[in-house]
Asks: 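The following block contains the structure, expressed as structure tokens.
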Amino acid sequence: MERMRLLFIFISILFNATTLSGVELLVHNYYKEKCPLAEDIVRHNVEVAVLKNPRLAASLLRLHFHDCFVMGCDASVLLDNVEGMTSEKLAGPNLNSLRGFEVIDKIKYLLEEECPITVSCADILAMAARDAVELRGGPRWEVLLGRKDALESSFSGANILIPAPNSSLEVLIDNFKQQGLDIEDLVTLSGSHTIGRARCLSFRQRIYDAKEEYHYGYDHYKRYTSFRRILRSICPVEGRDNKFAPLDFQTPKRFDNHYFINILEGKGLLGSDNVLISHDLDGKITEQVWAYASNEKLFFASFAKSMIKMGNINVLTGNEGEIRRNCRFVNA
Ligand code: HEM
Ligand SMILES: *[C@@H]1O[C@H](CO)[C@@H](O)[C@H](O)[C@H]1NC(C)=O
């Protein structure tokens, strides 16, 4: 009798663990039966888009990040501006900067033809980010699916929660912590800046900030000066706000570990890239960066893990949210 009781308790603990306080978790192969072609359709269309315009890989990766950091990975970032609800697209970190919406629209259109009201926009973002990374030479991971789409956007959330390129290390750490991500995730996910570009507006402060130079030795200072001179020629003290520079000046189109080699030399493009090393007080971050700089496989494995972690932030599942028909608008 006693053993039966114990067994019963054991089983109920197991059962509860898989449905944490009633929340259904994301799973692999969520669409295997519901929409068998879903992952293929996403993959194919990301491939076509990225072949035409390689930078779109970076843009799609960033879309998923900016979605997840505002109320969770719920496609709130995709909602257009409507009366009574200001779009996240208009928030400071996103305006004139986020790209790739048309790729998501096309995928959604095709998925609605294939299996109506089945594949969420939030899941499309997660799949597209995964495929984009792989298409540029990065790691592939099994993407967890089953997210629902939000019924609202948060303009103020986007302004407050998405980290700014001139944030201090403390603020960056705090920013990620608010999302349930730790310092290692911050460092690992910053490695996304191995692809894509930033506007002059985003790195001007860093290249004209006199304090920058004192954090490194004299040798480095000389090398750094020429790097900065190039950046200053792209981005003058005033004007040309929308001129671009690559985030990874060595291998801008390849998803590799070069970002970490760059920041060890103080040659990250953004302030937020360089503070990881220049303001790392106890040497732990520098150690992690060295490990990635010398072992790309390690970076790739960690990146996959941190992306899955990021993709789990405050997801809507079960009866929460909806499956949008059009990623730009909530269903009527
Ligand atoms: C650590 C805090 C971070 C800050 C402060 C930051 C900031 C920025 C800024 C300012 C830009 C350039 C935007 C522009 O000038 O138009 C950028 C680009 C980019 N970011 Fe981040 N970012 C951070 C973390 C991340 C994370 C976690 C990811 C992905 C998981 C990511 C992916 C990207 C990508 C791929 C681009 C290039 C986009 C393109 O070329 O269209 N970033 N980021
Ligand atoms: C960061 O940049 C913003 C926008 O350019 C500016 O308003 C703010 O004062 C800067 N913050 C720091 C800490 O330099």
Side-chain angles (χ1 to χ4, degrees), residues 23 26 30-31 35 38 41-42 45-46 49 56-132 143-164 175 178-180 192 196 307 310-332:
V23 177
L26 304 179
Y30 183 80
Y31 296 110
C35 186
I41 289 172
V42 174
N45 284 281
V46 171
L56 275 171
S59 309
L60 290 169
L61 171 58
R62 187 166 183 240
L63 267 186
H64 183 41
F65 162 49
H66 282 212
D67 180 31
C68 293
F69 266 52
V70 182
M71 303 190 306
C73 315
D74 59 2
S76 56
V77 71
L78 299 178
L79 290 171
D80 273 354
N81 205 43
V82 292
E83 228 188 282
M85 198 161 65
T86 313
S87 172
E88 289 173 27
K89 295 174 184 178
L90 303 179
N94 296 337
L95 188 66
N96 300 324
S97 181
L98 277 190
R99 313 166 68 245
F101 297 112
E102 296 75 16
V103 181
I104 303 296
D105 287 340
K106 181 167 181 211
I107 291 171
K108 183 58 180 174
Y109 174 81
L110 294 169
L111 284 174
E112 285 304 296
E113 295 218 308
E114 176 70 22
C115 19
I117 326 183
T118 305
V119 184
S120 69
C121 299
D123 277 348
I124 295 174
L125 286 175
M127 290 186 268
R130 186 271 306 268
D131 294 333
V143 72
L144 288 168
L145 301 168
R147 297 169 189 80
K148 294 283 160 60
D149 299 325
L151 301 173
E152 53 189 17
S153 49
S154 178
F155 172 76
S156 60
N159 275 321
I160 295 166
L161 298 167
I162 296 168
N175 232 303
Q178 277 186 55
Q179 306 286 352
S192 298
M307 281 298 291
M310 186 179 89
N312 273 319
I313 298 172
N314 282 332
V315 290
L316 304 172
T317 54
N319 295 324
E320 305 167 300
E322 65 177 10
I323 308 279
R324 264 179 234 152
R325 276 181 248 256
N326 177 336
C327 292
R328 292 174 182 269
F329 305 101
V330 297
N331 296 343

Asks: Any sub-3.5 Å donor-acceptor pair from Gln178's side-chain atoms to Asn175's backbone N or O?
Replies: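 Checked: no pair found.
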Asks: What's the verdict on side-chain contact (heavy atoms from CB on, under 4.5 Å) for Thr118 and Ile323, showing C-alpha distance, side-chain angles and the deciding distance?
Replies: CA-CA 6 Å; Thr118 305; Ile323 308 279; 5.7 Å; no
Asks: Using every non-hydrogen atom in the two residues, find where Leu79 and Lys89 come nearest and quote the distance to one decimal.
Replies: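 Shortest heavy-atom separation between Leu79 and Lys89 comes out as O-CE, 3.9 Å.
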Asks: As an exercise, state the distance from CZ of Phe69 to CD of Glu88, rounded to the nearest 0.5 Å.
Replies: 13.5 Å
Asks: Are Leu125 and Val77 packed together at the side-chain level, in the sense that at least one heavy-atom pair is separated by less than 4.5 angstrom?
Replies: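 Of all side-chain heavy-atom pairs linking Val77 with Leu125, at least one is under 4.5 Å.
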Asks: Does the side chain of Arg62 reach to within under 4.5 Å of the side chain of Ser192, using non-hydrogen atoms?
Replies: no
Asks: Does the side chain of Asn94 reach to within under 4.5 Å of the side chain of Ile162, using non-hydrogen atoms?
Replies: yes
Asks: For the side chain of Arg147 and the backbone of Gly311, is there at least one donor-acceptor N/O pair under 3.5 Å apart?
Replies: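 Yes: the side chain of Arg147 pairs with the backbone of Gly311.
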Asks: Does any non-hydrogen side-chain atom of Leu111 lie less than 4.5 Å from one of Val42?
Replies: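 Yes. Closest side-chain heavy atoms under 4.5 Å.
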Asks: Nearest 0.5 Å please: distance from the CG atom of Leu151 over to the CG atom of Asn331.
Replies: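 Leu151 CG to Asn331 CG: 8.5 Å, rounded to 0.5 Å.
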Asks: Taking side chain as C-beta onward, heavy atoms only, is Asn81 less than 4.5 Å from Thr86?
Replies: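 Asn81 vs Thr86: side chains touch.
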Asks: Is a side-chain donor or acceptor of Ser97 paired with a backbone partner of Leu95 at a separation under 3.5 angstrom?
Replies: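 The answer is no, because no donor-acceptor pair under 3.5 Å joins these two groups.
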Asks: How about OH on Tyr109, more than 12 heavy atoms from neighbouring residues, nucleotides or ligands closer than 6.0 Å, or not?
Replies: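 Result for OH/Tyr109: open.
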Asks: Please name the pair of heavy atoms, one in Arg328 and one in Phe101, separated by the smallest distance, quoted to 0.1 Å.
Replies: NH2-CB, 3.7 Å
Asks: Between Glu112 (side chain) and Ile117 (backbone), is there a donor-acceptor pair under 3.5 Å?
Replies: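 Yes, Glu112 side chain to Ile117 backbone: donor-acceptor pair under 3.5 Å.
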Asks: Within the 4.5 Å heavy-atom criterion, are Gln179 and Leu161 side-chain neighbours or not?
Replies: yes
Asks: Output yes when a side-chain donor or acceptor of Asp80 lies under 3.5 Å from a complementary backbone atom of Phe329, and no otherwise.
Replies: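 Absent.
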Asks: Just checking Arg325: does its CZ atom have more than 12 heavy atoms from other residues, nucleotides or ligands closer to it than 6.0 angstrom?
Replies: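 Atom CZ in Arg325 is not packed in, count stays at 12 or less.
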Asks: Taking the side chain as C-beta and beyond, is there a heavy-atom pair between Asn314 and Met71 under 4.5 Å?
Replies: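 No; the side chains remain at least 4.5 Å from each other.
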Asks: Starting at CG of Leu78, measure out to SG of Cys121 and round the result to the nearest 0.5 Å.
Replies: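 That separation rounds to 6.0 Å.
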Asks: Quick check for you: to the nearest 0.5 Å, what is the distance between Leu145 atom CG and Thr317 atom OG1?
Replies: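 Atom-to-atom, Leu145:CG and Thr317:OG1 are 13.0 Å apart.
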Asks: Could you tell me which non-hydrogen atom of Ser87 sits nearest to which non-hydrogen atom of Ser153, and how far apart they are?
Replies: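 Looking at all heavy atoms of both residues, the shortest contact is CA-OG, 4.2 Å.
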Asks: Start with the C-alpha gap between Val82 and Val330, add the side-chain angles, then the distance that decides, and say whether side-chain contact (heavy atoms from CB on, under 4.5 Å) holds.
Replies: CA-CA 10 Å; Val82 292; Val330 297; over 6 Å; no
Asks: Can you name the closest pair of heavy atoms from Asp149 and Ala75 and give their distance?
Replies: OD1-CB, 3.6 Å
Asks: Could you go through the side-chain contact (heavy atoms from CB on, under 4.5 Å) check for Leu26 and Asn312 one step at a time?
Replies: CA-CA 8 Å; Leu26 304 179; Asn312 273 319; 3.3 Å; yes
Asks: Is the backbone of Ser76 close enough, under 3.5 Å, to the side chain of Asp67 for a donor and an acceptor to pair up by distance?
Replies: yes
Asks: I need the minimum non-hydrogen distance between Asp123 and Tyr31, along with the two atoms involved.
Replies: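 Smallest interatomic distance, heavy atoms only, reads OD2-OH, 2.5 Å.
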Asks: Rounded to the nearest 0.5 Å, what separation is found between the CE atom of Met127 and the CG atom of Asn45?
Replies: 11.5 Å
Asks: Mind running side-chain contact (heavy atoms from CB on, under 4.5 Å) on Leu60 and Asp131 for me, showing each step along the way?
Replies: CA-CA 9 Å; Leu60 290 169; Asp131 294 333; over 6 Å; no
Asks: Just verifying a value: how many Å separate Ile124 CD1 and Lys108 NZ, rounded to the nearest 0.5 Å?
Replies: 5.0 Å
Asks: Run the numbers on Lys106 and Glu102 for salt bridge (Lys or Arg N to Asp or Glu O under 4.0 Å), then give the verdict.
Replies: CA-CA 6 Å; Lys106 181 167 181 211; Glu102 296 75 16; over 6 Å; no
Asks: Of the non-hydrogen atoms in Met307 and His64, which two are nearest, and what is the gap between them?
Replies: CE-CD2, 3.8 Å
